[in-house]
Amino acid sequence: MSSNAKFIYDPDELNYRFSDEHPFNQTRLEVTIDLLKQVGALTEDAILKPRIASESEIKAVHLPEYVNAVKALSAPNPTDEAVRAAAKWGLQDEDTPFFTGMHEKTSLLVGGSLKAAEVVMSGQAEHALHLGGGLHHALPNKGAGFCVYNDASITIEWIRRNYNARVLYIDTDVHHGDGVQWTFYTDPDVCTFSIHETGKYLFPGTGAVEERGEGLGFGTTINLPVEPYTEDESWMESFNHVLGEVVRSFRPDVILSQHGCDAHAFDPQAHAHCSMNIYLQMPKLIHKLAHQYCGARWIALGGGGYDIWRVVPRAWSLLWLTMIDHPLIQTLEQQPLTSLPPSWVKQWQKASQLPLPATWLDPIEEWEAIPRRAEITAKNRRTQEIALLYVSDPKASQNPE
Ligand SMILES: [Zn+2]
Ligand SMILES: [Zn+2]
């Protein structure tokens with residue numbers, strides 16, 4: 001097993017929690033880590049603790065006024081003035097309500113993603129994974145969609161300032177990676193690629209295929225909005241086809257990927273109809289591209305994922321197993337219904353109301369096909385072509401005559 005990957009984690013990250021009832025539940029980190037340990041794929045020497053992001057690192061992306069508002073609302077008893085301003089900063093709705101210690105807890109999550117970038121950019125490891133990060137909806141001046149600070153944007157900005165590297169951001173969450181897109185919308189050295197369920201019916205509503213960047217950054221924003229009820233085959237066809245072209249054209253120095261796993265059919269927050277198979281296939285392609293184009297430099301983050309027992313632990317474990325070239329990945333190609341460790345299932349079944357799966361991938365032969373499959377596939381193909389309209393063919397630009 002290659003050990004040239006680092007896993008960034010601190011149990012204190014579990015305290016990024018809006019309330020007991022809120023769907024964003026970091027218990028999923030514990031359940032994932034336990035699964036990896038039970039298959040012997042996560043050893044203590046691979047784990048590094050996050051650091052705490054400094055205020056100046058956060059303010060490289062977020063407005064100082066916004067950071068000050070987050071800090072004021074982090075007090076156990078925030079002042080009336082701070083509470084009155086909360087809605088204006090996006091911190092008083094059902095999705096992203098302020099909570100005690102919010103600034104400190106989020107600074108740790110941001111620091112985890114920065115740590116992952118430090119490890120990879122300095123050459124200490126080829127790949128690094130920080131599942132506590134991936135808060136892709138936060139905007140420079142606003143909290144949104146369960147995200148207070150945007151660790152992905154802050155990490156990209158940190159890489160730009162410290163290494164001047166060209167960054168390809170790949171967002172596989174079922175929701176559009178809006179916060180990262182808008183932060184780098186005019187930057188030609190940061191390419192944002194987001195595959196997601198169309199914003200027609202889903203938060204945050206953006207991510208149309210026509211959003212392509214502006215000014216010098218035109219063409220370095222790529223959106224692939226797929227239809228509701230898209231299944232594995234069409235999702236992967238869209239992802240593979242468009243991402244392959246984008247990488248060849250953009251030529252990144254490093255890949256930063258966000259691994260929300262809420263496109264699974266079980267996820268309660270969206271309407272995609274994929275199985276665990278896409279969470280085996282997507283990291284495999286990203287891994288291959290990182291080695292092929294980026295000298296192996298690959299930083300991966302967590303993201304959404306609200307079926308925290310049946311979906312997230314398997315999806316995120318597959319990501320880490322891919323990163324370390326674990327033999328189980330090979331096995332799953334031949335035997336998708338390889339069993340999960342029964343002791344893991346037994347232990348966490350006590351906490352889950354729904355029956356836990358027994359196998360790594362899903363028995364999709366038993367799933368009912370979506371009746372509009374052909375129509376959805378055709379629509380997604382049209383979207384792929386529109387997404388690629390302004391992605392230049394590098395061979396063409398080298399030979400202008
Ligand atoms: Zn999401
Ligand atoms: Zn590798």
Side-chain angles (χ1 to χ4, degrees), residues 1-7 18 22-26 28 41 46 95-96 116 119-120 123-129 131 133-138 143-147 150-152 169-181 194-199 201-207 223-226 228 230 235 254-255 257-272 274 278-279 282-308 311-312 315-316 318-327 329-330:
M1 185 196 309
S2 154
S3 59
N4 208 0
K6 293 292 178 193
F7 188 102
F18 296 94
H22 196 282
F24 193 94
N25 184 350
Q26 294 289 52
R28 58 203 185 141
D95 281 356
T96 322
V119 161
V120 168
Q124 197 188 324
E126 290 182 326
H127 319 313
L129 175 60
L131 292 172
L135 307 176
H136 63 162
H137 293 307
F146 315 160
C147 307
N150 195 317
D151 61 298
Y169 172 74
I170 301 172
D171 190 312
T172 71
D173 196 283
V174 80
H175 301 95
H176 176 225
D178 58 338
V180 184
Q181 167 177 304
S194 179
I195 184 170
H196 46 265
E197 179 185 324
T198 166
Y201 319 100
L202 188 68
F203 179 89
T206 49
N223 281 298
L224 204 44
V226 300
T230 292
W235 181 284
V254 54
I255 291 173
S257 52
Q258 193 270 17
H259 294 267
C261 48
D262 36 11
H264 192 284
F266 294 169
D267 195 277
Q269 298 274 344
H271 325 94
C274 296
I278 68 165
Y279 298 112
M282 288 195 291
K284 268 176 76 174
L285 178 65
I286 298 172
H287 188 206
K288 193 182 108 189
L289 294 171
H291 278 276
Q292 203 174 342
Y293 290 93
C294 305
R297 284 178 290 273
W298 176 26
I299 300 146
L301 310 175
Y306 307 97
D307 191 320
I308 69 163
V311 175
V312 185
W316 284 358
L318 290 173
L319 171 60
W320 175 249
L321 293 171
T322 302
M323 244 182 194
I324 61 171
D325 284 319
H326 194 281
I329 294 292
Q330 283 293 331

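Both counts, for ligands and for their atoms, begin at 1 and track the order of listing.
Taking the Zn ion (ligand 2) as reference, H287 places its N/O/S atom NE2 nearest.
A donor-acceptor contact under 3.5 angstrom links the side chains of D262 and H175, judged on distance only.
I278 CD1 to L318 CG: the interatomic distance, rounded to the nearest 0.5 Å, is 11.0 Å. To the nearest 0.5 Å, atom CD of residue Q26 and atom CG of residue L131 are 9.0 Å apart.
Pairs passing the side chain to side chain donor-acceptor pair (under 3.5 Å) check and including a residue from residues 282-292, sequence neighbours excluded, read H127-H287, H127-H291, K284-E333, H287-H291.
At least one side-chain heavy atom of P23 sits under 4.5 Å from a side-chain heavy atom of Q269.
Angle NE2 (H127) to the Zn ion (ligand 2) to NE2 (H291): 100°, rounded to 10°.
Under a cutoff of 6.0 Å and an axis angle of 45°, R297 and Y293 do not form a cation-pi pair.
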Requested in this report: Under the ring pair (Phe, Tyr, Trp, His ring centres under 6.0 Å) rule, what do Y306 and F146 come out as? Steps first, then yes or no, please.
Outcome: CA-CA 12 Å; Y306 307 97; F146 315 160; 5.6 Å; yes
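Excluding waters, the protein N/O/S atoms found under 2.8 Å from the Zn ion (ligand 1) are D173 OD1, H175 ND1, D262 OD2.
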